[in-house]
Amino acid sequence: MEDNHGDMELYDLRVSVDRIEGRSVCGMETGDYFELTESAHLRLPEGRHFCVYALAAVLPFLAAKQRDLASGDWLAQDSHFACPDPEERLIMRVERTCRRRLNSADLT
């Protein structure tokens, strides 16, 4: 549930497997995803998993993708990230799903 009385806004994100250009050694498939909501809540569909190495590859960019970025910022224009496994060549897409108002005092 969104709190419309917060003092800051962040985007909820969905990180999904856009494509696998090699062979999937981690058992993931195109369309697998996780959601990052309410600043730091990581949610997976029941019974599914997400490779920790793919997660590690995209994790450093998620805090920035949750915020408004300058129009010229490359991260505002690019939404694809690659897993580091060269055999797999798994490509993830980061999408903003909704904008949420939060209280910064609740997060720090």
Side-chain angles (χ1 to χ4, degrees):
M1 174 179 255
E2 291 187 37
D3 176 3
N4 295 324
H5 304 293
D7 62 346
M8 63 181 283
E9 292 184 347
L10 292 177
Y11 289 97
D12 287 351
L13 304 174
R14 176 178 280 208
V15 178
S16 57
V17 177
D18 189 64
R19 63 188 181 276
I20 300 172
E21 298 173 343
R23 61 185 184 97
S24 178
V25 296
C26 66
M28 289 180 27
E29 301 172 355
T30 299
D32 284 345
Y33 70 93
F34 69 85
E35 293 177 328
L36 182 60
T37 65
E38 301 166 71
S39 176
H41 296 182
L42 189 70
R43 301 180 192 284
L44 289 163
E46 187 173 336
R48 299 302 301 162
H49 75 279
F50 206 89
C51 173
V52 68
Y53 301 108
L55 175 62
V58 74
L59 191 62
F61 303 99
L62 297 182
K65 293 295 274 186
Q66 288 179 308
R67 290 163 172 72
D68 286 324
L69 299 167
S71 61
D73 190 317
W74 71 270
L75 199 51
Q77 301 169 24
D78 201 348
S79 61
H80 287 91
F81 300 86
C83 175
D85 187 334
E87 284 288 312
E88 196 158 38
R89 296 187 310 282
L90 182 141
I91 308 298
M92 297 165 281
R93 183 179 62 251
V94 178
E95 300 173 282
R96 292 172 169 170
T97 57
C98 75
R99 191 175 179 111
R100 186 181 298 271
R101 201 150 185 69
L102 300 164
N103 292 310
S104 58
D106 295 339
L107 304 174
T108 56

*Under the 3.5 angstrom rule, does the side chain of Gln66 hit a backbone N or O of Leu13 as a donor-acceptor pair?*
no
*Output, in order, the C-alpha distance, side-chain angles, deciding distance and verdict of side-chain contact (heavy atoms from CB on, under 4.5 Å) for Cys83 and Arg89.*
CA-CA 6 Å; Cys83 175; Arg89 296 187 310 282; over 6 Å; no
*Sidechain-backbone polar pair: Glu88 side chain, Val25 backbone, donor-acceptor under 3.5 Å*: yes
*Side-chain heavy atoms under 4.5 angstrom apart, residues restricted to Ile, Leu, Val, Met, Phe, Trp, Tyr: same cluster for Val58 and Leu75?*
yes
*State the CG-CE distance between Leu102 and Met8, to the nearest 0.5 angstrom.*
6.0 Å
*To the nearest 0.5 Å, how far apart are CD in Glu9 and CZ in Arg101?*
4.5 Å
*Under 3.5 Å: donor-acceptor pair, side chain of Thr97, backbone of Asp12*: yes
*Just do the side-chain contact (heavy atoms from CB on, under 4.5 Å) check on Asp68 and Tyr11 with the steps written out, would you?*
CA-CA 8 Å; Asp68 286 324; Tyr11 289 97; 3.2 Å; yes
*Heavy-atom pair of closest approach, residues Ala57 and Met92*: CB-CE, 4.4 Å
*asked:* Applying a strict under-4.5 Å side-chain criterion to I, L, V, M, F, W and Y, I'd like to know whether Val94 and Trp74 cluster together.
replied: yes
*Sort out for me which residue in Arg14, Arg43, Arg48, Arg100 forms a salt bridge (Lys or Arg N to Asp or Glu O under 4.0 Å) with Glu35.*
Arg14
*Shared hydrophobic cluster, Phe34 / Ile20 (ILVMFWY, side-chain heavy atoms < 4.5 Å)*: yes
*asked:* Are Leu90 and Asp85 packed together at the side-chain level, in the sense that at least one heavy-atom pair is separated by less than 4.5 angstrom?
replied: no
*Could you walk me through whether His49 and Leu44 pass side-chain contact (heavy atoms from CB on, under 4.5 Å), step by step?*
CA-CA 7 Å; His49 75 279; Leu44 289 163; 5.6 Å; no
*Please report the shortest heavy-atom distance between Asp32 and Gly27, naming the atom on each side.*
OD2-O, 4.4 Å
*Which pair of heavy atoms, one from Ala82 and one from Ile91, lies closest together, and at what distance?*
CB-CD1, 3.9 Å
*Which atoms form the tightest heavy-atom contact between Val17 and Glu29, and what is the distance?*
CB-O, 3.5 Å
*Out of curiosity, does Val15 fall in the hydrophobic cluster containing Tyr53 (side-chain heavy atoms, cut-off under 4.5 Å, transitive links)?*
no
*Enter the distance from Ser16:OG to Arg93:CZ here, rounded to the nearest 0.5 Å.*
4.0 Å
*Please answer: with hydrophobic residues joined when any side-chain heavy atoms are less than 4.5 Å apart, are Phe50 and Leu36 in the same cluster?*
yes
*Could you tell me whether a side-chain N or O of Lys65 sits under 3.5 Å from a main-chain N or O of Arg96, the two making a donor and an acceptor?*
no
